[in-house]
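One-based numbering, in listed order, for ligands and for the atoms of each. Remember, predicted model here, so these are calculated numbers, not experimental data.
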Amino acid sequence: MSLTPTLARTWIDRWDRQQEGYLPDREIMFAVIADAVAANADHPDPLVLDVACGPGSLGARIRERLPQARVIGIDADPVLLELARTAYGFELVDRNLADPAWAAALPNEPIDAIVSTTALHWLYLDQLAALYVQSAKLLRPGGILLNGDDMATAATDIDQLHTAIGARQIEREGVGDREGWVEWWTAVTAEPELATAVAERDNRRWEHPADSGVTYEQHVQALRAAGFRTVESIWQYGRRRIVAAVN
Ligand SMILES: C[S@@+](CC[C@H](N)C(=O)[O-])C[C@H]1O[C@@H](n2cnc3c(N)ncnc32)[C@H](O)[C@@H]1O
């Protein structure tokens, strides 16, 4: 027996509900990123790279918004890659983004947009800065990077407000009792159809911070240092932002 698209979609739907317990406006972030990719595209079939794609939720929303887009996802988690591969049929690249060699695994074509959600806080600042340098090299001139993630601000009093606003949003939206990260992983790793991917995942766990604490200001500085000509936050709710950088 092997994983079917229907079963993969069931696990991904459960992943999406789980993630919304932490990020009630996750679908809005997807929509803002997809709209920005569409607005910045100079042709109907942009090449889009979803960095740390997980099970492919963002790439899928981009394909809904831009059906002709070519989406490539990159991640290092065999279980999430297997779900994305089976559910969506994306092109997928299995690489650790902490190793700058990841870029060499991509097709040698200019990329129109590099997108990411809720993932780059797993990278330390030097790894993130290297990823931004690689991204600037991979993007076409005028191409766009869009990173949606939690980013603290260096202004600690404002950061406390952001944290309180985020906590209140979860209460107000009534999502605080959703299945959590640990529970989802406990369930999915018991799925018999994913046994091979789970064994591979157990083999290759890599060291990373739960949250590297890279601030919004450090993201902006690293993107500018990488050579992006315009860097600006285009959406924010509490600590959660989407930062856009135009190449
Ligand atoms: C919270 S999940 C978010 C997944 C997806 N972007 C989403 O929004 O549903 C974080 C993802 O980042 C990936 N990730 C974190 N660090 C990575 C690294 N160094 N190399 C490759 N993938 C990484 C994880 O494997 C995981 O899929």
So how far is it from Ser135 OG to Ile111 CD1, rounded to the nearest 0.5 Å? 8.0 Å

Is the number of heavy atoms from other residues, nucleotides or ligands under 6.0 Å of Gln218 CD greater than 12? yes

Residues 224-233 side chain polar contacts: donor-acceptor under 3.5 Å, at least two apart:
unit_1: Arg229; atom_1: NE; unit_2: Asn247; atom_2: O; d: 3.1

Test side-chain hydrogen bond (donor to acceptor under 3.5 Å, both in side chains) applied to Arg26 - qualifying residues, sequence neighbours left out: Asp16, Ser57

Where does the angle between the aromatic ring planes of His208 and Trp122 fall among parallel (under 30°), tilted (30 to 60°) and perpendicular (over 60°)? parallel

Could you name the protein residues that come within less than 4.0 Å of ligand 1, counting only heavy atoms, and order them by chain and residue number? Trp15, Gln19, Arg26, Ala52, Cys53, Gly54, Asp75, Ala76, Asp77, Leu80, Arg95, Asn96, Leu97, Ala98, Thr117, Thr118, Ala119, Trp122, Leu123, Trp181, Trp206

Tyr22 meets the ring-ring contact (aromatic ring centres under 6.0 Å, His included) criterion, sequence neighbours left out, with none

